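This report concerns only the one structure given below.
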Amino acid sequence: MRTATLGPAQRAESLASMAERELDVLVVGAGVVGAGTALDAATRGLSTGLVEARDWASGTSSRSSKLIHGGLRYLEMLDFALVREALKERGLLLERLAPHLVKPVPFLYPLQHKGWERLYAGSGVAMYDAMSMARGHGRGLPTHRHLTRSHALRVAPCLKKDALVGALQYYDAQMDDARYVATLVRTAVAYGAKAANRARVTGFLREGERVVGAMVRDVEGGGEYEIRAKQVVNATGVWTDDTQAMVGERGQFHVRASKGIHLVVPRDRIHSTTGLILRTEKSVLFVIPWGRHWIVGTTDTDWDLDKAHPAASSADIDYLLEHVNSVLAVPLTRDDVQGVYAGLRPLLAGESDATSKLSREHTVAHPVPGLVVVAGGKYTTYRVMAKDAVDAAVHGLDMRVAECVTEDVPLLGAEGYQALWNARARIAARTGLHVVRVEHLLNRYGTMAEELLALIAEDPSLGEPLPAADDYLRAEIVYAASHEGARHLDDVLTRRTRISFETFDRGTRSARDAAGLMAQVLGWDKDQFEREVQHYEKRVEAERESQRQPDDLTADAARLGAPDIVPL
């Protein structure tokens with residue numbers, strides 16, 4: 001089984017190694033596009049480095065709607081090329097690249113007008129299915145079906161009877177976005193890339209006009225590294241313009257941030273066996289199954305405040321509740337909301353004043369010799385963006401380089417996953433874990449679940465659930481710090497697990513136990529342990545306070561009340 005370990009020792013070795021000799025490609029930014037770019041470059045045989053200022057997926061890539069989809073609404077915009085491309089990628093992820101992480105999810109689209117709407121929407125969904133099948137990557141999902149009103153209400157009893165005259169049901173896919181990126185980074189490392197988080201680019205190295213590397217500061221240890229590379233790829237998402245400014249060159253395009261917020265509510269608050277997709281006056285609203293929860297989202301509004309910590313205001317929350325309650329027989333209230341998270345979409349600016357109409361397509365540019373910029377796009381098509389970015393970088397390399405192979409490179413944990421899934425009852429009997437726990441591990445780690453089971457065999461207490469967060473085992477906290485690059489409590493409660501929005505206390509009751517488990521791996525002393533817990537509690541309180549504020553400006557000010565943590 002191929003694997004990779006991203007513990008403290010590996011991080012230190014990676015930084016030192018990147019500074020020792022010139023790389024072929026240095027990727028700046030470890031969201032899904034940057035991580036995918038590092039994997040693409042490494043699997044072409046290029047010496048590759050990846051640096052991230054904060055944590056893997058700490059920006060946009062951990063705060064999405066968690067969907068892998070073709071973009072059904074882009075058909076309405078007649079953007080057939082984007083939909084076709086995304087459907088191919090959806091199929092690859094479901095069937096070949098990450099079947100352990102990407103799962104089918106059904107959606108119900110309520111029809112509100114007799115006759116014409118069923119014909120109009122039905123033909124669109126039929127085209128969606130047909131385009132998927134035509135690419136040969138649609139076999140993993142059932143095709144759509146038409147439902148009468150009574151049938152739709154049996155499938156989704158939560159709906160008001162007068163909210164629909166019938167419905168369509170179709171399938172897309174979903175994943176845990178932050179977990180996906182962490183797995184992507186580990187896969188790149190397994191193929192030879194060097195990766196370090198909490199490593200911030202402070203400037204670019206130049207020789208004349210050419211960019212020849214970057215100055216990188218170790219945010220944890222305080223050291224400065226001069227990392228030289230034949231080609232540098234800027235994959236910093238909503239920070240693209242800021243990163244470009246370090247080169248002192250005007251960008252060929254600009255990236256505009258659009259804020260999307262999501263609410264998380266318990267599964268029993270919405271009685272349905274399927275997700276929902278609803279039209280709003282600006283975009284669409286999803287109600288997405290998420291384990292023992294539902295995710296309700298999203299908004300689409302311009303954002304020009306703090307990019308690191310976009311804040312959800314009271315007005316944002318009211319907007320989502322108002323729209324979802326328009327079709328629910330039993331309305332949701334503020335008290336039903338377990339968690340709230342906000343993210344920023346990196347949209348290519350200049351095409352429309354309304355962010356919902358800005359391009360979801362991506363652009364790759366070579367603004368100065370030695371520097372490639374990739375921006376825009378959507379999560380589902382990250383692999384195509386990564387391929388295009390590396391293709392552009394290859395043009396600047398004075399060597400023959402292999403073509404992209406990531407279409408045939410499964411992520412860590414994918415190979416042999418189905419066989420382990422079929423043997424889950426035997427694994428449960430062998431380990432003493434309940435079969436539901438084994439299924440949970442397989443769907444989060446694939447075949448790498450064996451590494452967690454080994455930790456539990458060595459210390460059976462790690463097979464116990466984390467207090468106040470029963471869905472997760474104590475072993476997962478240890479593994480996040482030892483194998484997945486988690487450096488802080490926030491990394492584990494917010495991204496390696498999703499405890500920060502899956503519990504009403506938002507992880508504060510689990511914080512001390514989780515920090516204690518991490519301390520053993522990361523060597524924290526008592527002072528650092530306390531700083532981690534207190535910082536997390538302050539972050540949660542700052543987020544709660546921001547969500548009580550009436551607008552973006554006041555919400556942003558409240559959220560910035562909790563600064564980022566840096567070890568002393």
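All figures in this text were calculated on a predicted structure; none of them were measured in a lab. Both backbone and side-chain heavy atoms feed into the values below; hydrogens, waters and symmetry mates do not.
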From [X] atom [atom1] to [Y] atom [atom2], the distance as rounded to the nearest 0.5 Å:
{"X": "Gln534", "Y": "Leu489", "atom1": "CD", "atom2": "CG", "result": "11.5 Å"}
{"X": "Asp470", "Y": "Thr503", "atom1": "CG", "atom2": "OG1", "result": "12.0 Å"}
{"X": "Asp242", "Y": "Asn234", "atom1": "CG", "atom2": "CG", "result": "9.5 Å"}
{"X": "His309", "Y": "Asp564", "atom1": "NE2", "atom2": "CG", "result": "3.5 Å"}
{"X": "His483", "Y": "Thr5", "atom1": "NE2", "atom2": "OG1", "result": "4.0 Å"}
{"X": "Leu473", "Y": "Leu517", "atom1": "CG", "atom2": "CG", "result": "11.5 Å"}

Side chains of [X] and [Y]: do they bring a donor and an acceptor to under 3.5 Å?
{"X": "His69", "Y": "Glu89", "value": "no"}
{"X": "Asp177", "Y": "Ser64", "value": "yes"}
{"X": "Thr406", "Y": "Arg383", "value": "yes"}
{"X": "Asp40", "Y": "Tyr191", "value": "no"}

Evaluate the side-chain hydrogen bond (donor to acceptor under 3.5 Å, both in side chains) criterion for residues Thr236 and Thr243: first the C-alpha distance (whole Å), next the side-chain angles of each, then the deciding distance (0.1 Å), finally the verdict. CA-CA 7 Å; Thr236 52; Thr243 312; 2.9 Å; yes

With a 3.5 Å distance limit and no angle check, can you tell me whether [X] reaches the backbone of [Y] through a side-chain donor-acceptor pair?
{"X": "Thr48", "Y": "Leu46", "result": "yes"}
{"X": "Arg206", "Y": "Val247", "result": "yes"}
{"X": "Arg217", "Y": "Val201", "result": "no"}
{"X": "Ser17", "Y": "Glu13", "result": "no"}
{"X": "Arg198", "Y": "Glu52", "result": "no"}
{"X": "His535", "Y": "Asp490", "result": "no"}
{"X": "Thr60", "Y": "Leu344", "result": "yes"}
{"X": "His100", "Y": "Leu412", "result": "yes"}
{"X": "Arg2", "Y": "Ala190", "result": "yes"}
{"X": "Lys259", "Y": "Ala311", "result": "yes"}

Can you find a heavy atom in the side chain of [X] that is under 4.5 Å from one in the side chain of [Y]?
{"X": "Leu184", "Y": "Leu411", "answer": "yes"}
{"X": "Lys66", "Y": "Trp290", "answer": "yes"}
{"X": "Tyr379", "Y": "Ile68", "answer": "yes"}
{"X": "Val374", "Y": "Asp388", "answer": "no"}
{"X": "Ile477", "Y": "Leu462", "answer": "no"}
{"X": "Thr298", "Y": "Arg345", "answer": "yes"}

Quick test of your reading of the model: are [X] and [Y] salt-bridged, counting only N-O distances below 4.0 Å?
{"X": "Arg559", "Y": "Glu543", "result": "yes"}
{"X": "Glu415", "Y": "Arg96", "result": "no"}
{"X": "Glu95", "Y": "Lys88", "result": "no"}
{"X": "Arg424", "Y": "Glu439", "result": "yes"}
{"X": "Arg512", "Y": "Glu530", "result": "yes"}
{"X": "Glu502", "Y": "Arg292", "result": "no"}
{"X": "Glu476", "Y": "Arg444", "result": "yes"}

Ala414 to Pro410 - nearest heavy-atom pair and separation: CB-CB, 3.8 Å

So, applying salt bridge (Lys or Arg N to Asp or Glu O under 4.0 Å) with Arg496, which one of Asp176, Asp491, Asp55 is it? Asp55

Heavy atoms of other groups near [X] [atom1], more than 12 under 6.0 Å:
{"X": "Glu537", "atom1": "CD", "answer": "yes"}
{"X": "Glu224", "atom1": "CD", "answer": "yes"}
{"X": "Arg426", "atom1": "CZ", "answer": "no"}

Contacts of type ring pair (Phe, Tyr, Trp, His ring centres under 6.0 Å), residue His262, not counting sequence neighbours: Tyr341

Less than 3.5 Å apart, which donor and acceptor atoms pair up between the side chains of residues 19-36 and the rest of the protein, not counting sequence neighbours?
{"residue": "Asp24", "atom": "OD1", "partner": "Lys230", "partner atom": "NZ", "Å": "3.2"}
{"residue": "Asp24", "atom": "OD2", "partner": "Ser47", "partner atom": "N", "Å": "2.9"}
{"residue": "Asp24", "atom": "OD2", "partner": "Ser47", "partner atom": "OG", "Å": "3.2"}

Using the ring-ring contact (aromatic ring centres under 6.0 Å, His included) rule, collect all pairs that involve residues 428-469, keeping only residues at least two apart or in two chains. His440-Tyr472, Tyr445-Tyr479

